[in-house]
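Atoms considered below: every heavy atom in the structure, side chains included; atoms not considered: hydrogens, waters and symmetry mates. For the single chain, residues carry numbers from 1 onward in sequence order.
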Amino acid sequence: MMLIPTDAFADEGMWLFTNPPKKWLKEHYDFEPSEAWLKNLQRSAVRFNSGGSGAFVSPEGLVITNHHVGADALQKLSSPDRDLVAKGFHAKTRDEEIKCVDLELNVLMSTEDVTARVNAAVKKDMSQADAEKARRAVTNTIEKESLDKTKLRSDVITLYHGGEYHLYRYKKYTDVRLVFAPEQDIAFFGGDPDNFEYPRYDLDICFFHVYEDGKPAKVEHYLPWSKSGASENELVFVVGNPGHTDRLDTVRHLEFLRDRNYPSSLRTIFRREVLLTAYSQRSLENARRAKDELFGIQNTRKARLAALAGLQDPAIMDRKSKDEKTLRDSLLKDSTLKGDAKAWDDVSTAIDEWNRIYTDWALLENGTAFNSELFSIARQLVRIADEDAKDNADRLREYRESNRESLEQQLFSEAPVYDDLEVAKLADSLSMFMEQAGADNQWVRKTLRGHSPQARADELVRGTKLKDVAYRKEIAKAGRSAIEKSDDPMIQLALLVDPPSREVRKTYEEKVDEPLKQAYAKIANARFAIEGTSTYPDATFSLRLAFGQVKGYMQDGKKIPPWTTIGGAFKHSDLHGAKPPFVLPDSWLQPPKPLDQNTPFNFVCTADIIGGNSGSPVINKAGQYVGIIFDGNIQSLVLNFTYTDAQARAVSVHSSAILEALRNVYGAVELADEIERGRAK
């Protein structure tokens, strides 16, 4: 990672709103973002708790995100007679909007640096186990105090891998209603073959309205829609919630990801993709049920493969090694920092411990052995009963009081659960459990109880009552006594494997996670002392500001233009014989009004993004909405580890294309009007 951008990597950075790159923007783009400008961006941005980003684009609480971000909600609202993911949806009036079953949206209202308080709770003479408990206790307490005082969702975010801790306070919306989604054929036009490729021709959008107290919400902060959208070489900004990067990792840490973590997770991903593909091919209804999950698996597979290729690139690893050596040599020359040089060895020790427990950690605590929504529900119920008996400060992070409402919203979701899909997934993961842990492993034997993985999965899924939300609520309310007395087979399984799962988690938290936090805190502080604090932390699925230019690039000796056009989508379809996944929907082939073929459709920019930025608004210097991030090209997938703008690009839907489609394809006049009314701001 380049700590301070250079001419080669001018647009690097996923910046905190408390530390935006003002000096760089002034010197290189002659632009000075005001505090009011930053505040409006911050409070217009929306985090989808299901994963992804979005933004308010009208004072009437209209939120835009990607179709593939909204697909989780679309899938849960669908039925055999109403496939919202494939066919799309358009509510012409507020009365026609559909309330989402468990969607939570977060808007960042304020932040507070609580590093000193967290660090003060962890004493130098503490064991790693005591340090982990103390850090967890103070974090849980800070969040609970904030929630009680402000009534806002309160999360302590770890930055710089432990160098800093910031308290983020979010306004939470849980009454969210679906307004519009296009057909998947145009939202994901080109399908898996075009995924992470460019040029692209996708209308990857989805609209929701938020409500408060059963009434349409009125929001003060939103992004007015640009009249012209993005133009070539224009400076643009991306505001969103990038999920996770590893740019600050030591070389030893990156080697572990390359040699163990990524290959292991890819084997699981490949396996699940084969399973879901085979399940989907058995019937149209099966395909509908598995659609969103299969899309997510395929997307993850392609992204993870490309990222692994980056870790396997000697040029990237050599650069990481040189940067690390330079920093370590600088520490050794400074008598006040020399003691921190041991931090790299501490990282290696923690990674060695992670490697030792990795299989059990992944299978048991991460739950790859139990790939089932119903098992996840059972585990939550079992652990809630245990954690509720503890003081808030001592609870596992998921069960802290400040997270309780969000936890229960998911636990008591009315989203459909399909027995046959659950059996297929659980049987396959139990088979994987046997393969990786061994048939003679005591927990494998106790889990299967003399049955085959298929027979045991069928017994568990068909026998559980956890599909009934009322039953879940009843068990949760009754507490530990109800859990212990329950004859529900899925709850019994969760009870069975909870002790070994907790044990491996305890080892991970005390011997891996806590030592890594302490070691990386020393590395971060040394970096600050030597290179200054004008840098950004790794992504943490919290709000960040990125910037870049709308710019094409060279590939295979050809100049790739910065944008495509609507007309190009029809040509792209014809080039592939108008066969799936290059089939345009009938609504586009026979639109009620003629389409302007020259309207910009998708475009690319050099902004620094990663997974989690999907749905992020792209904004011009005037703070106007010019597009929506929906992907990165294949060359951008190394951005998890290092930034480059040679070919790496963020891919967006152009704002002009969105209005053109709403008005002339879908007749969504009222929606387009609401968007454009915001220009009078």
Side-chain angles (χ1 to χ4, degrees), residues 50-51 132 136 158 243-244 246 249 253 256-273 275-276 293 296-297 300-301 303-304 307-308 350-384 386-387 395-399 403 407 410-411 422 425-438 441-444 446-447 453 457 460 490 493-517 540-541 611-612 640:
S50 54
E132 188 278 325
R136 171 157 41 102
T158 303
H244 179 82
D246 291 284
D249 287 3
H253 198 157
F256 172 75
L257 297 180
R258 180 194 66 195
D259 301 336
R260 186 72 191 271
N261 181 271
Y262 273 39
S264 176
S265 65
L266 273 167
R267 286 192 291 272
T268 301
I269 289 165
F270 284 133
R271 184 173 189 135
R272 290 182 179 180
E273 183 179 4
L275 169 77
L276 291 171
E293 188 171 359
I297 287 289
T300 302
R301 176 254 301 161
R304 188 56 63 99
L308 179 58
I351 293 298
D352 288 342
E353 181 64 21
W354 194 4
N355 191 48
R356 185 186 70 80
I357 66 170
Y358 189 84
T359 298
D360 286 345
W361 173 80
L363 289 169
L364 294 170
E365 180 56 23
N366 269 21
T368 56
F370 311 103
N371 182 24
S372 159
E373 179 66 23
L374 294 169
F375 175 82
S376 297
I377 291 168
R379 167 170 278 183
Q380 295 279 37
L381 291 169
V382 166
R383 289 194 168 176
I384 283 174
D386 284 338
E387 298 302 307
R395 293 177 189 171
L396 297 178
R397 290 286 291 146
E398 308 95 290
Y399 305 97
N403 191 53
L407 176 67
Q410 295 298 314
L411 180 61
E422 283 285 292
K425 289 163 54 179
L426 184 56
D428 182 70
S429 61
L430 290 177
S431 177
M432 186 181 73
F433 188 19
M434 178 182 284
E435 292 170 21
Q436 294 189 9
N441 178 277
Q442 64 167 319
W443 301 111
V444 171
K446 290 178 179 180
T447 294
L460 287 162
M490 200 67 79
L493 174 61
L495 275 170
L496 171 70
V497 299
D498 203 45
S501 300
R502 281 180 177 267
E503 185 61 31
V504 73
R505 175 174 176 149
K506 184 173 184 288
T507 301
Y508 174 81
E509 290 180 339
E510 294 178 359
K511 296 185 178 181
V512 181
D513 189 57
E514 177 61 27
L516 286 178
K517 281 189 172 72
T540 54
F541 195 48
N640 193 20

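Ionic pairing of Glu132 and Arg397 is not present here: no N-O contact between side-chain nitrogen and carboxylate oxygen is shorter than 4.0 angstrom.
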Could you go through the salt bridge (charged side-chain N to carboxylate O under 4.0 Å, His left out) check for Lys425 and Glu373 one step at a time?
CA-CA 9 Å; Lys425 289 163 54 179; Glu373 179 66 23; over 6 Å; no
Test side-chain hydrogen bond (donor to acceptor under 3.5 Å, both in side chains) on Arg271 and Ser431; report intermediate values, then the result.
CA-CA 11 Å; Arg271 184 173 189 135; Ser431 177; 3.3 Å; yes
Asp352/Arg356 under salt bridge (charged side-chain N to carboxylate O under 4.0 Å, His left out): CA gap, chis, key distance, verdict
CA-CA 6 Å; Asp352 288 342; Arg356 185 186 70 80; over 6 Å; no
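Here the straight-line distance linking atom CZ of Arg379 with atom CD of Glu398 works out to 9.5 Å at 0.5 Å rounding. Leu396 CG to Asn403 CG: the interatomic distance, rounded to the nearest 0.5 Å, is 12.0 Å. Atom CD of Glu435 is separated from atom CG of Leu430 by 11.0 Å, given to the nearest 0.5 angstrom. In this structure, Leu363 CG and Met432 CE are separated by 5.5 Å, a value rounded to the nearest 0.5 Å. Here CD of Glu273 is found 4.0 Å from CZ of Arg301. Values are rounded to the nearest 0.5 Å.
Arg304 forms a cation-pi arrangement with Tyr262, by the criterion of a distance under 6.0 Å to the ring centre and an angle within 45° of the ring axis.
Checked by atom type and distance alone, the side chain of Glu422 pairs as donor or acceptor with a backbone atom of Leu374 at under 3.5 Å. Between the side chain of Arg395 and the backbone N or O of Glu387 there is at least one donor-acceptor pair closer than 3.5 Å. The backbone N or O of Trp443 lies less than 3.5 Å from a partner atom in the side chain of Asn441, making a donor-acceptor pair. Side chain of Ser376 to backbone of Ser372: a donor-acceptor contact under 3.5 angstrom is found. In terms of modelled atom types and a separation under 3.5 Å, the side chain of Asp246 and the main chain of Asp249 share no donor-acceptor contact. Asn640 contributes no side-chain N or O that, together with a main-chain N or O of Ala307, makes up a donor-acceptor pair within less than 3.5 Å.
The environment of NZ in Lys517 is crowded: more than 12 heavy-atom neighbours from other residues, nucleotides or ligands sit within 6.0 Å.
In this structure, the ring pair (Phe, Tyr, Trp, His ring centres under 6.0 Å) partners of Trp361, at least two apart in sequence or on a different chain, are Trp354, Tyr358, Tyr508. Looking at residues two or more places apart in sequence or on another chain, you find a salt bridge (Lys or Arg N to Asp or Glu O under 4.0 Å) between Arg383 and Glu365, Asp498.
A side-chain donor-acceptor contact under 3.5 Å links Arg260 and Thr359. For Ser429 and Arg272, the side-chain atoms include no donor-acceptor pair closer than 3.5 Å.
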